[in-house]
Every structure is written in C-alpha cells, then in structure tokens.
Trainee: 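Have a look at the structure that comes next, please.
A note on names: the letters A, B, ... follow the listed sequences, proteins ahead of strands, and every chain is numbered from 1. Please read these numbers as outputs of a predicted model, since none were measured by experiment.
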2 protein chains.
Amino acid sequence: MGTDHLVLDRQLCFAVHAASRAFDAAYRQVLRDLDLGLTYPQYLAMMVLWERGPVTVKELGLALRLDSGTLSPLLKRLEAAGHVRRERSAADERSVIVRLTPAGAALRERAQQVPLAIGRATGLTRDGAMALHGMLGELTATLDAYVSRGGPAEDQAGGTGR
Amino acid sequence: MGTDHLVLDRQLCFAVHAASRAFDAAYRQVLRDLDLGLTYPQYLAMMVLWERGPVTVKELGLALRLDSGTLSPLLKRLEAAGHVRRERSAADERSVIVRLTPAGAALRERAQQVPLAIGRATGLTRDGAMALHGMLGELTATLDAYVSRGGPAEDQAGGTGR
DNA sequence: AGCAGAATGATTGTGCACAACTGAATTGTG
DNA sequence: CACAATTCAGTTGTGCACAATCATTCTGCT
C-alpha cells in the first residue's frame, strides 16, 4: 500500500532533519561551554579558514555549500566579532578575500577541544562515524544530482542534464 | 595528532549538515513540482495531521521536535493558505487545537506522490533507508541526551542529571 | 578599443529555528 | 478559598538558508 511508503518516508526524511538539529544543538552547547563566541555555521567557516588560510567568499561558499546570501552577513558578524578581516582582492576587484585576524587564529587552540567533546556526545566509534559519513556523503551526492537535474532521471535522456 | 581528529570531525558534522540541506532542497523541488504550496517543514506538519487528525500545538511540537516559536508562525501560514484551522480548546483554554480543513485533507491525495519521488531521488533501497534511519535515530537520541544532560557524562554522578 | 556577456559579492524578501520572555489558564498546596 | 508554581501558546530578537535581483568588475569577441 502507498500508506506504507508514506510512513517510511516520513521516518527517513524526518530522521535526517532531526539528526541535523540535534547536531546543531550539541554544537551550540559545546561552543557555549567553551565560550568561543561562535555559532555552529560560524565555527564551520572558521574551520575552513584555519585549515586553508585566506580564501575568497566564493571559495568559502564552495567549501561549505553556501551562497553569498548566507555568507555575507555571517562574515560581517565574524568581522564585527574581530575574528576575520575582509578586503577586496587587488588582483580582481570583484573578489573579497577573507582572512583570520590574530584573535581569530588564536581561537583555533581552544577550538581543538570541540571535536573531542562532540565525539563524546555522539557516542560513535571511529568506525561508526566513518560508516555514517560515507552513507551521508553518498546520499547527499545523489540528492544533489536529482536537484541539479531538475527532477527524476527520465531514463537516459541527453547526458548534459539541465 | 589532534589535527587528525579535527579533520574527521569536520567531515562528520559537515556531512550531516550537508545531507540535511540536500534533503531540504530535494523536498523543495518535489513539492514545487507537485505544486502543493507547502514548504518542507509545512509538509512535515501536514503529515502529522494527516496521520493523527486534530492535535494541539504542544503535541505537534513533540512529534516534530519543534517549539512554539517555530510552530506558531508556521501554523499561521498554513491557516492563511487554507490548509488548517486553529481554535482554542474548550476543555483547556491554554491549548490550541489544529485541525485540517477539507482543502487541507484533500491535499493528502496529491501528497501521496511525494514519498515516491523522494525515494527515487535518494537512490536508496528500502534496506539502505532503514539502516540509515536506524543509525540516525540512535545518533539523535545520544546527542539529545548529551544536550539535555548539559554536558559530558561526568562518570556516573547522581543519576538525576540536570 | 569597444561592447556583450559572464563572474562575484551584496542586498532584499521569505521562511525555518531557537532562546528568552510575556500573558493567560490550570493545577497544586496550605 | 487564596496564592504560588506550572503549563501552554504567542511574541520578540538573533541567526541561518535560499531565491531573486542588482551593481561592479572582468573577459571574450569583433
């Protein structure tokens, strides 16, 4: 029966949604306890900066899968908090380069404790985390393909999609 | 080195975050194609109403793990769209009962196609979906426990937590 | 050189989500 | 019965996320 599918579906979409919000809440808690003054998405952005050094907004958006409408205000808040500076690239005036301030770079040390705390909060083993990560990565890629295709696969139409 | 943990962690938290947004995008796409006039969270709320019938805001919040600050405006939009009605309970004037309008109930039929489309978009088998659902459910429960405890487990302190 | 088109980031508008607080109604306790 | 504590929904403020649109800058083409 179709009803059966409907219930299973609710459970699956809902499980991802709920897990994401539970993760957000856990990060909020940990970030608050460590008093880093960062929200979860801000922490993600800072992590890219810690790992890669200065990046453009475009690169940051690609890394985090976020567009400028989300990143612009987020980066302004990080700048207002003194964690980053933003400046137009001299080479290409369209680009804005985001770089850590000394204060922002210094934050990295305290942030080292975040992964450990989160690891405990998840209760997952390293293998469990990797298995879950793998499944989620595949799922995300498949869903992204569906969306960028604009709908179901229609057999093998052209190949170009879009 | 700790750096190793940091990278793994980024991948895990990020994978959940990205999967959730990819799921959202897929639902947006499907709901738009079917022209249901619902957002993804609104669809979740409607699904509870289709399955359970009239519920209070409180019950809806428990089912969806959302608080009144999220549900109140969401339900107002559903009411403005003609999908639900809201009325104070006669038995307990504090409670608001949410019930489907005939139009909202009628929407269920077209919504039957949503799970099928999403099922195709995920590319998961029934077993794969169930396995993922199981892992996410456990993860969510563990994270929730961590947050409601207010921090790490501190060995076995009292038992009351909080 | 000059112009059409693309790339980049910002802005605006809508909606979701949570924290903190408010106000009304109910329940518990003395 | 009276009063404190609790429950429930709503409101306000902050922040994330995406769609659509815009201005500026760069690039390709003639």
Trainee: Please evaluate residues B:Tyr40 and A:His17 with respect to the criterion ring pair (Phe, Tyr, Trp, His ring centres under 6.0 Å), reporting the C-alpha separation (whole Å), side-chain torsions for both, the decisive distance (0.1 Å), and the verdict.
Mentor: CA-CA 10 Å; B:Tyr40 173 52; A:His17 205 67; 5.0 Å; yes

Trainee: Rounded to whole Å, how long is the line connecting atom CG of B:Leu78 with atom C1' of C:dG15?
Mentor: 12 Å

Trainee: Starting at CG of A:Leu75 and ending at P of C:dG9, how long is that distance when rounded to a whole Å?
Mentor: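 From A:Leu75 CG to C:dG9 P: 10 Å.
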
Trainee: Counting only N and O atoms by type, is there a donor-acceptor contact under 3.5 Å from the side chain of A:Thr101 to the main-chain atoms of A:Gly82?
Mentor: yes

Trainee: Any protein N or O atoms within reach of nucleotides 11-14 of chain C? Criterion: under 3.5 Å, listing atom names and distances.
Mentor:
from, atom 1, to, atom 2, distance (Å)
C:dT11, OP2, A:Lys76, NZ, 2.9

Trainee: Using the side chain to side chain contact (heavy atoms under 4.5 Å, CB included) criterion, which residues pair with B:Val57? Sequence neighbours excluded.
Mentor: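 For B:Val57, the residues satisfying side chain to side chain contact (heavy atoms under 4.5 Å, CB included) (neighbours in sequence not counted) are B:Leu71, B:Leu75, B:Val96, B:Val98.
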
Trainee: Measure CZ/A:Arg86 against P/C:dG9 and give the value in whole Å, please.
Mentor: 11 Å

Trainee: Mapping A:Val57 and A:His17 onto DNA chain C by nearest heavy atom, which one lands closer to the 5' end?
Mentor: A:Val57

Trainee: What is the distance, to the nearest angstrom, from the CG atom on B:Leu62 to the C1' atom on D:dT7?
Mentor: 12 Å

Trainee: A:Lys58 NZ to C:dA7 P: how many Å, rounded?
Mentor: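 For the pair A:Lys58 NZ and C:dA7 P, the rounded distance is 8 Å.
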
Trainee: Is there any salt bridge (Lys or Arg N to Asp or Glu O under 4.0 Å) pair reaching into residues 20-44 of chain B, and which pairs are they, with sequence neighbours excluded?
Mentor: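 Of all non-adjacent pairs touching residues 20-44 of chain B, none passes salt bridge (Lys or Arg N to Asp or Glu O under 4.0 Å).
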
Trainee: With sequence neighbours excluded, give me every salt bridge (Lys or Arg N to Asp or Glu O under 4.0 Å) pair touching residues 83-97 of chain B.
Mentor: B:Glu79-B:Arg86, B:Arg85-B:Glu87, B:Glu87-B:Arg99, B:Asp92-B:Arg94

Trainee: Looking at residues 20-42 of chain A, who's got a heavy atom less than 4.0 Å off DNA chain C?
Mentor: A:Arg21, A:Arg28

Trainee: Identify whether any heavy atom of B:Leu71 sits under 4.0 Å from a base atom; if not, whether one sits that close to sugar-phosphate; answer base, sugar-phosphate or nothing.
Mentor: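 Since no nucleic acid heavy atom lies under 4.0 Å of B:Leu71, the category is nothing.
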
Trainee: Residues two or more places apart in sequence or in another chain: which of them pass side chain to side chain contact (heavy atoms under 4.5 Å, CB included) with A:Thr39?
Mentor: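 Partners of A:Thr39 under the side chain to side chain contact (heavy atoms under 4.5 Å, CB included) test: A:Pro41, A:Gln42.
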
Trainee: Round to the nearest Å and state the distance from B:Asp67 atom CG to D:dT7 atom P.
Mentor: 16 Å

Trainee: Set out, line by line, the N/O atom pairs under 3.5 Å between protein and nucleotides 22-27 of chain D.
Mentor:
from, atom 1, to, atom 2, distance (Å)
D:dC26, OP1, A:Glu93, N, 2.8

Trainee: Figure out the CG/P separation between B:Leu60 and C:dA17, and round it to whole Å.
Mentor: 12 Å

Trainee: Among all residues two or more places apart in sequence or in another chain, which pass the side chain to side chain donor-acceptor pair (under 3.5 Å) test with A:Thr70?
Mentor: A:Asp67

Trainee: Who pairs with B:Tyr27 by side chain to side chain donor-acceptor pair (under 3.5 Å), at least two apart in sequence or on another chain?
Mentor: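 Result, side chain to side chain donor-acceptor pair (under 3.5 Å) vs B:Tyr27: A:Asp9.
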
Trainee: For A:Glu79 and D:dG15, what is the distance between atoms CD and P respectively, to the nearest whole Å?
Mentor: 15 Å

Trainee: The criterion is side chain to side chain contact (heavy atoms under 4.5 Å, CB included); which residues satisfy it with A:Met46, sequence neighbours excluded?
Mentor: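 A:Leu38, A:Leu49, A:Trp50, A:Leu78, A:His83, A:Val84, A:Leu100, A:Leu107.
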
Trainee: Could I get the full list of side chain to side chain contact (heavy atoms under 4.5 Å, CB included) partners for A:Leu34, not counting sequence neighbours?
Mentor: A:Val30, A:Leu36, A:Gln113, A:Val114

Trainee: Give me each pair satisfying salt bridge (Lys or Arg N to Asp or Glu O under 4.0 Å) with a member in residues 134-145 of chain B, each pair once, sequence neighbours excluded.
Mentor: B:Arg65-B:Asp144

